[in-house]
Student: 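Here's a structure for you.
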Amino acid sequence: MSKRILLILIATMFGSFNSFSNEIIEKDSSRSKTISFKIKVKSADKVKIKVAPLKFNKHLAYSFTLDDGYRSAYLTAFPLLNGGKISKSSINEWKIDQGGDGTTSKGLFYSDGMGNKIPFKLGLAINGGAIGDFSAYRGHLSWAEVKEMYNAGWDILNHGFHHATKHGTNYLTEVTENTTSIKQNLDFTMSHFVVPGGQGDTGYHLEYEKEALNNGHLSVASYYGVGPVFKVDSKVNLDKMITARTFVQSSKDTIGFKTMDHYLKTLDSIIKQPNALWFNEFTHGTGTTNLWNLSMRFPDFKYYMTALADKYGVKGNDSIWMAPWQEVYEYIWLRDRIKVDYQQRDKEIEVTIALPEIPQTFRYRDISLTIDTASKFEIESNNPDLKIKEDGKTTHKQIFIQLK
């Protein structure tokens with residue numbers, strides 16, 4: 001077993017977590033509220049309902065982030081995962097090829113377990129000071145490109161306004177100016193921070209962590225911290241979370257995909273664990289050139305993501321929830337703070353869910369319930385604040401709730 005696999009498995013087995021309970025609710029919240037709906041089953045047999053550890057009751061949440069806002073994210077990664085035309089060779093201002101193979105992708109998908117395919121989505125850690133609307137040869141994304149990916153479900157994470165790390169950096173300004181920049185250009189407020197890497201004073205990452213957490217950010221990805229693997233079948237301590245980053249990168253050896261197979265073997269060892277898990281990884285560029293030798297060459301990226309989709313997506317066992325950091329964080333945060341009660345009377349079940357006050361910066365307000373019944377069922381709800389989907393006519397296993 002490689003050192004990398006061993007370290008990740010140790011993190012999985014011995015991470016520090018509190019005991020899980022769906023009976024937790026912020027009782028002092030003046031804005032907490034209750035929602036309810038009815039389930040009508042075909043049989044009077046007793047039904048069991050509980051909150052799913054992960055959205056759509058998946059076994060593994062896998063969050064993958066592209067650092068620095070390089071244009072290869074839009075030219076190659078986005079069309080590969082979401083479906084579309086992958087760019088041909090595209091030489092940027094640094095004389096580096098950020099393009100791909102010029103093919104057309106049908107997209108890479110997992111399912112919601114209810115017959116609907118969902119494309120793989122990544123996160124983008126960007127520096128607002130580098131985003132613009134320059135020539136096609138620019139190295140960084142444009143605002144229009146970032147907006148298109150955001151609208152497709154990709155999440156945007158704060159990476160500092162200038163990616164500054166050297167002596168004299170104003171860490172507070174880096175955090176807050178980037179927040180302002182994204183708010184002005186894209187009209188939303190970022191809530192998660194990724195410490196930029198580079199040369200700097202000893203412990204500079206600690207300054208970024210402090211300023212991010214003190215200025216509205218809920219979590220920080222840094223050099224050291226908890227993770228990168230989290231057990232999520234119990235309550236996860238998300239309070240001022242600081243996580244350790246791990247990277248997936250191409251090697252200097254361009255023959256075959258041995259390096260990618262090594263990363264895939266690590267992931268496979270994680271997903272085979274009996275508990276539901278959340279795994280978080282990063283890279284930089286995804287173009288044909290290994291940007292700064294800190295990235296994935298597009299052939300490697302395509303091989304890696306396609307292998308994940310084929311094995312764990314809709315073409316495989318459909319056990320993966322391929323979602324950005326913010327989406328997974330917000331699901332777990334809400335999951336750990338709701339209280340679910342239900343009363344069954346013959347073939348009718350009244351479900352009541354007490355909700356906490358949800359932060360305004362949250363993008364997602366989703367709840368997945370598992371239902372243990374062999375009977376077909378249907379949902380009855382007149383609540384305009386809810387959108388409910390279920391598999392009551394097919395596999396009879398889950399209920400998905402979106403709060404408006």
Student: Are the side chain of Thr165 and the backbone of Gln199 linked by a donor-acceptor contact shorter than 3.5 Å?
Tutor: yes
Student: Are Tyr224 and His205 an aromatic pair by the rule of ring centers under 6.0 Å?
Tutor: yes
Student: So that I can tick it off, tell me whether Arg245 and Asp67 are bridged by a salt bridge, with the cut-off set at under 4.0 angstrom between side-chain N and carboxylate O.
Tutor: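 So Asp67 pairs with Arg245 through a salt bridge.
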Student: Mind listing the closest non-hydrogen atom pair of Asn275 and His59 along with its distance?
Tutor: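 Where Asn275 meets His59 most closely, the heavy atoms are O-CE1, 3.0 Å.
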Student: Is the shortest side-chain heavy-atom distance between Tyr329 and His192 below 4.5 Å?
Tutor: yes
Student: Would a distance-only check, ignoring hydrogens and angles, find a side-chain to backbone donor-acceptor pair under 3.5 Å from Ser142 to Glu145?
Tutor: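 Yes: the side chain of Ser142 pairs with the backbone of Glu145.
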Student: Can you tell me how the ring of Trp325 sits relative to the ring of Trp278, calling it parallel under 30°, perpendicular over 60° and tilted otherwise?
Tutor: tilted
Student: For the pair Met260 and Met296, evaluate side chain to side chain contact (heavy atoms under 4.5 Å, CB included) and give the outcome as yes or no after the intermediate values.
Tutor: CA-CA 9 Å; Met260 294 302 106; Met296 298 174 74; 3.6 Å; yes
Student: Starting from the C-alpha separation in whole Å, work towards a yes-or-no answer on ring-ring contact (aromatic ring centres under 6.0 Å, His included) for Tyr62 and Phe120.
Tutor: CA-CA 10 Å; Tyr62 186 41; Phe120 280 19; 8.7 Å; no
Student: If you count every heavy atom of other residues, nucleotides or ligands that lies below 6.0 Å from Lys85 atom NZ, does the total exceed 12?
Tutor: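 Yes, NZ of Lys85 has more than 12 neighbouring heavy atoms, counting only those of other groups under 6.0 Å.
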Student: Is a donor on one side and an acceptor on the other found under 3.5 Å between the side chain of Ser368 and the backbone of Phe56?
Tutor: yes
Student: Tell me if a side-chain donor or acceptor on Glu390 pairs with a main-chain N or O of Gly392 at a distance below 3.5 Å.
Tutor: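 Judged by distance alone, yes, a pair lies under 3.5 Å.
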Student: Using side-chain heavy atoms (C-beta onward) and a distance below 4.5 Å, is Tyr312 in contact with Asp268?
Tutor: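 A side-chain contact under 4.5 Å exists here.
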Student: Does atom OH of Tyr137 have more than 12 heavy-atom neighbours from other groups under 6.0 Å away?
Tutor: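 Counting other residues, nucleotides and ligands, OH of Tyr137 stays at 12 neighbours or fewer.
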Student: Roughly how far, to the nearest 0.5 Å, is the OG1 atom of Thr169 from the CG atom of Asp201?
Tutor: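 Between atom CG of Asp201 and atom OG1 of Thr169 there are 8.0 Å.
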Student: Please check if any side-chain donor atom of Ser295 sits under 3.5 Å from a side-chain acceptor atom of Thr283, or the reverse.
Tutor: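 The answer is no; no qualifying pair exists.
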Student: Closest approach of Ala136 and Ser90, non-hydrogen atoms and distance?
Tutor: O-OG, 4.4 Å
Student: For residues Gly69 and Ile131, report the shortest heavy-atom separation together with the two atoms involved.
Tutor: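 Looking at all heavy atoms of both residues, the shortest contact is O-CD1, 4.4 Å.
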Student: Looking at Gly99, is its backbone amide N or carbonyl O close enough to the side chain of Thr288 to form a donor-acceptor pair, meaning the two atoms are under 3.5 Å apart?
Tutor: yes
Student: Are Lys55 and Asp366 within salt-bridge range, i.e. N to O under 4.0 Å?
Tutor: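 So Lys55 pairs with Asp366 through a salt bridge.
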Student: Could you grab the distance from atom OH of Tyr110 to atom CH2 of Trp321, nearest 0.5 Å is fine?
Tutor: 7.0 Å
Student: With the side chain counted from C-beta on, respond yes when Leu238 and Ser219 share a heavy-atom pair under 4.5 Å apart, and no when they do not.
Tutor: no
Student: Give me each pair satisfying salt bridge (Lys or Arg N to Asp or Glu O under 4.0 Å) with a member in residues 86-112, each pair once, sequence neighbours excluded.
Tutor: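 Applying salt bridge (Lys or Arg N to Asp or Glu O under 4.0 Å) to every pair that reaches into residues 86-112, excluding sequence neighbours, yields Asp101-Lys302, Asp112-Lys389.
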Student: In terms of side-chain heavy atoms, does Thr370 have a donor or acceptor partner in Gln398 at a distance below 3.5 Å?
Tutor: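 No, no side-chain donor-acceptor contact under 3.5 Å.
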Student: Should the pair Asp187-Lys183 be classified as a salt bridge under the 4.0 Å nitrogen-to-oxygen rule?
Tutor: yes
Student: What is the ring orientation for His159 with His163, classed by angle as parallel under 30°, tilted 30 to 60°, or perpendicular over 60°?
Tutor: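 Rings of His159 and His163: perpendicular, over 60°.
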Student: Can you tell if the side chain of Leu355 reaches within under 4.5 Å of the side chain of Leu403, non-hydrogen atoms only?
Tutor: yes
Student: May I ask you to check whether Trp154 and Phe78 place their ring centers less than 6.0 Å from one another?
Tutor: yes
Student: Given side chains that start at C-beta, do those of Ile126 and Leu157 come closer than 4.5 Å, heavy atoms only?
Tutor: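 No, every pair of side-chain atoms sits at 4.5 Å or beyond.
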Student: Looking at Asn215 and Glu211, would you say the former's side chain and the latter's main chain have a donor-acceptor pair under 3.5 Å?
Tutor: yes
Student: Going by distance alone, is a donor N or O of one side chain under 3.5 Å from an acceptor N or O of the other, for Glu148 and Tyr74?
Tutor: yes
Student: Cation-pi check for Tyr70 against Arg138: NZ or CZ below 6.0 Å from the six-membered ring centre and within 45 degrees of the axis, yes or no?
Tutor: no
Student: Looking only at atom types and distance, does a side-chain atom of Lys58 sit under 3.5 Å from a main-chain N or O of Asp318, one as donor and one as acceptor?
Tutor: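 Looks like yes, one N/O pair under 3.5 Å.
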Student: Counting only heavy atoms not in Asn151, do more than 12 sit closer than 6.0 Å to its CG atom?
Tutor: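 Check passes, neighbour count above 12.
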Student: If you measure from the Lys or Arg side-chain nitrogens to the Asp or Glu carboxylate oxygens, is any gap between Arg345 and Glu348 under 4.0 Å?
Tutor: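 No.
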Student: Can we say Glu327 and Lys121 salt-bridge, meaning some charged N sits less than 4.0 Å from an Asp/Glu carboxylate O?
Tutor: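 Yes, this pair counts.
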Student: With distance as the sole test, does Asn237 use its side chain to make a donor-acceptor pair with the main-chain N or O of Asp239 at under 3.5 Å?
Tutor: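 Answer holds: yes.
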Student: Check the pair Lys265 / His262 against side chain to side chain contact (heavy atoms under 4.5 Å, CB included), numbers first and verdict last.
Tutor: CA-CA 5 Å; Lys265 186 177 180 181; His262 169 76; 5.7 Å; no
Student: So does Tyr364 get a backbone contact from the side chain of Glu330, meaning a donor-acceptor N/O pair under 3.5 Å?
Tutor: yes
Student: Between Phe362 and Trp333, how do the two ring planes meet: parallel, tilted or perpendicular, split at 30° and 60°?
Tutor: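 Because their plane-to-plane angle is over 60°, the rings of Phe362 and Trp333 count as perpendicular.
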Student: So do Thr179 and Asn158 actually touch side chain to side chain, heavy atoms under 4.5 Å?
Tutor: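 Side-chain contact under 4.5 Å: yes.
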Student: Checking ring pair (Phe, Tyr, Trp, His ring centres under 6.0 Å) against His284, which of Phe64, Trp292, Phe247 comes through?
Tutor: Phe247
Student: Would you find a donor on one side and an acceptor on the other, under 3.5 Å apart, between the side chain of Glu174 and the backbone of Phe161?
Tutor: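 Here the side-chain-to-backbone pair exists.
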